[in-house]
Structure formats: C-alpha cells, structure tokens
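Residue indices begin at 1 and follow the sequence shown. Every heavy atom of this structure was used, including side-chain atoms; hydrogens, water molecules and symmetry mates were not.
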Amino acid sequence: MRALIQRVTTAGVTIDENLHSFINHGLLVLLGIEDADTTEDIGWLGNKIVNLRIFDDAHRVPNLSLKETGGDILLISQFTLHASTKKGNRPSYLLASKSVVAIPLYEKMIVQLENDLGKKISTGVFGADMKVSLVNDGPITIWIDSKEKE
C-alpha cells in the first residue's frame with residue numbers, strides 16, 4: 001500500500017463539477033492499493049499517517065501530529081501510485097489492484113483512519129474522475145510504502 005501525503009491548508013475534490021469533499025488544515029492522502037496489501041498494511045499505514053509529526057509546534061518546529069492538532073484528512077484512491085515506468089513511455093499499472101480487491105481495502109482504510117484519528121474523514125469516490133485541488137503547506141509531501149517499513 002502506498003500513500004502520498006501532503007500537509008495542506010485546504011484541499012478539496014470535485015466530481016462532475018460539484019464539490020464532493022473539502023478540508024481545511026490537515027492532510028491530503030493519495031492512496032494506492034495492490035493485491036499484496038492486507039489489513040496489516042492498513043493498520044500500520046493508518047497509524048503512521050495520523051501520528052506523523054509534521055505540524056508545527058509553538059516554536060515553528062514540525063513536532064506535532066495530525067491527531068494532536070485536530071486536523072482533517074481527505075483520502076483519495078490513486079491507482080497511478082503503482083505505475084511502473086521501467087519500459088517505454090506508457091506507464092504500466094499491472095501492480096495496481098482491480099476494484100474487486102481495492103474497494104474493500106479502501107473502505108477498510110477509511111474505517112482505520114477514522115478510528116485512529118477519532119473522527120470522520122473526507123474522501124473522494126473510488127474510480128470516479130475527480131479534480132483534486134490543494135494548497136500544500138510548507139510544502140510538505142511525504143511518500144510512504146507499507147512494503148518498505150524503514
């Protein structure tokens with residue numbers, strides 16, 4: 001499971017020209033799911049996301065987590081995070097799970113993040129053509145792969 005995490009002052013997702021979800025202070029999380037992902041990956045990654053110490057404390061040092069600041073999460077499914085660009089110029093998405101596998105794992109990640117954060121999170125719509133907007137704060141952007149727990 002791969003996540004691209006961006007600290008944001010605002011983030012939103014529009015579907016069919018209608019605002020679907022919007023957050024202020026928090027994290028925009030793009031989530032890529034592959035067939036090898038399990039509930040263990042969900043638990044580990046969910047905990048990591050809400051506890052990343054990337055928000056400024058009173059001394060402007062990134063020392064606080066999302067959980068400590070009361071921020072929000074906007075979670076967007078993003079199969080292209082599993083793109084392979086080794087051969088040619090057209091990315092291959094063979095590692096990305098098909099919806100029959102990915103949707104249940106995506107839904108479990110929503111529940112995991114809500115449990116870890118202690119409140120509802122905002123989401124996109126799996127498989128929809130979404131327009132995502134954000135104001136990256138910092139900018140801070142972090143890549144996490146649950147298969148590379150370093």
Side-chain angles (χ1 to χ4, degrees), residues 1-85 93 95-97 99 101-150:
M1 194 165 281
R2 293 178 177 169
L4 183 69
I5 301 161
Q6 298 182 20
R7 187 178 80 176
V8 298
T9 56
T10 62
V13 61
T14 301
I15 302 170
D16 295 328
E17 299 183 22
N18 296 308
L19 182 63
H20 178 76
S21 294
F22 183 85
I23 64 167
N24 283 306
H25 162 81
L27 298 175
L28 169 63
V29 179
L30 304 177
L31 184 70
I33 299 168
E34 65 178 302
D35 288 350
D37 291 330
T38 66
T39 55
E40 181 181 319
D41 293 293
I42 292 168
W44 181 85
L45 187 57
N47 181 62
K48 185 65 85 170
I49 290 168
V50 301
N51 290 299
L52 275 175
R53 294 172 36 190
I54 59 173
F55 292 91
D56 292 348
D57 63 15
H59 304 287
R60 300 203 62 202
V61 175
N63 201 27
L64 299 174
S65 70
L66 182 68
K67 195 170 191 174
E68 292 169 310
T69 64
D72 294 315
I73 292 175
L74 174 54
L75 181 70
I76 305 291
S77 60
Q78 184 77 42
F79 75 92
T80 61
L81 292 179
H82 285 288
S84 174
T85 57
Y93 303 108
L95 284 179
S97 290
S99 60
V101 172
I103 290 174
L105 291 173
Y106 177 72
E107 290 171 349
K108 286 179 184 177
M109 177 56 89
I110 294 168
V111 171
Q112 182 71 49
L113 288 169
E114 288 178 344
N115 288 339
D116 288 346
L117 194 56
K119 64 180 179 178
K120 294 293 254 179
I121 68 165
S122 297
T123 66
V125 173
F126 191 95
D129 181 15
M130 298 176 274
K131 308 300 182 220
V132 179
S133 62
L134 70 136
V135 176
N136 193 317
D137 183 17
I140 293 180
T141 301
I142 297 174
W143 169 266
I144 300 178
D145 189 320
S146 65
K147 304 297 188 258
E148 300 172 7
K149 296 176 182 144
E150 298 175 351

Determine the sole option in Leu27, Asn136, Ile140, Ile142 for which the side-chain contact (heavy atoms from CB on, under 4.5 Å) test with Gln6 is passed.
Asn136
Closest non-hydrogen atom pair, Ala83 against Tyr93:
CB-CE2, 3.4 Å
Would you call Phe55 and Leu66 a side-chain contact if the rule is heavy atoms closer than 4.5 Å?
yes
Please evaluate residues Lys108 and Thr39 with respect to the criterion side chain to side chain contact (heavy atoms under 4.5 Å, CB included), reporting the C-alpha separation (whole Å), side-chain torsions for both, the decisive distance (0.1 Å), and the verdict.
CA-CA 8 Å; Lys108 286 179 184 177; Thr39 55; 4.0 Å; yes
Heavy atoms of Ser77 and Val125 approach each other most closely as OG-O, 4.5 Å
So Leu74 and Val29, do their side chains get closer than 4.5 Å, heavy atoms only?
no
How far apart are the closest heavy atoms of Leu52 and Ile5, and which atoms are they?
CD1-CD1, 3.9 Å
Any side-chain heavy-atom pair from Trp44 and Ile144 closer than 4.5 angstrom?
yes
For the pair Arg2 (side chain) and Leu81 (backbone), establish whether a donor and an acceptor sit closer than 3.5 Å, ignoring hydrogens and angles.
yes
Any side-chain heavy-atom pair of Ile121 and Asp72 under 4.5 Å:
no
Looking at Gly26, is its backbone amide N or carbonyl O close enough to the side chain of Arg7 to form a donor-acceptor pair, meaning the two atoms are under 3.5 Å apart?
no
Just by distance, no angles: are the side chains of Thr69 and His25 close enough, under 3.5 Å, to form a donor-acceptor pair?
yes
Closest heavy-atom pair, His20 versus Thr123, reported as atoms and distance to 0.1 Å, is CD2-O, 3.1 Å
Rounded to the nearest 0.5 Å, how far does NZ of Lys131 lie from CG of Leu19?
14.5 Å
Salt bridge (Lys or Arg N to Asp or Glu O under 4.0 Å) assessment of Lys147 paired with Asp41:
CA-CA 8 Å; Lys147 304 297 188 258; Asp41 293 293; 2.9 Å; yes
I need the Met1 CE to Asp145 CG distance, nearest 0.5 Å.
10.0 Å
What residue among Val13, Thr9, Leu28 forms side-chain contact (heavy atoms from CB on, under 4.5 Å) with Leu134?
Leu28
Within-4.5 Å side-chain heavy-atom neighbours: Val50 and Leu113
yes
Spell out, as yes or no, whether a donor-acceptor pair under 3.5 Å connects the side chain of Ser146 to the backbone of Leu45.
no
Considering all heavy atoms, the nearest Asn63-Glu68 contact:
O-OE1, 4.1 Å
With rounding to the nearest 0.5 Å, note down the distance linking CZ in Phe79 to CG in Leu30.
12.5 Å
Main chain of Leu75, side chain of Tyr106: is a donor-acceptor contact present, judged purely on distance under 3.5 Å?
yes
Within-4.5 Å side-chain heavy-atom neighbours: Val8 and Asp137
no
Decide yes or no for Met130 and Thr14: does some side-chain heavy atom of the first lie under 4.5 Å from some side-chain heavy atom of the second?
no
Would you check if the side chain of Asn47 reaches a backbone N or O of Gly43 as a donor-acceptor pair within less than 3.5 Å?
no
Walk me through whether Asp129 and Ile15 qualify under side chain to side chain contact (heavy atoms under 4.5 Å, CB included).
CA-CA 7 Å; Asp129 181 15; Ile15 302 170; over 6 Å; no
For Lys119, is the NZ atom crowded, meaning more than 12 foreign heavy atoms sit under 6.0 Å from it?
yes
Regarding Asp37 and Ser97, do their side chains bring together a donor and an acceptor under 3.5 Å, going by distance alone?
no
Checking Thr38 against Glu40: is there a side-chain donor and acceptor pair closer than 3.5 Å?
no
Nearest non-hydrogen partners of Ile23 and Ser122, listed with the distance:
CG2-OG, 3.6 Å
Measuring from Phe22:CZ to Ser133:OG, what's the distance to the nearest 0.5 Å?
7.0 Å
At what distance, to the nearest 0.5 angstrom, does CH2 of Trp143 lie from CG of Leu4?
7.0 Å
First locate atom CD of Glu34, then atom CG of Leu95, and finally report the distance between them rounded to the nearest 0.5 Å.
6.0 Å
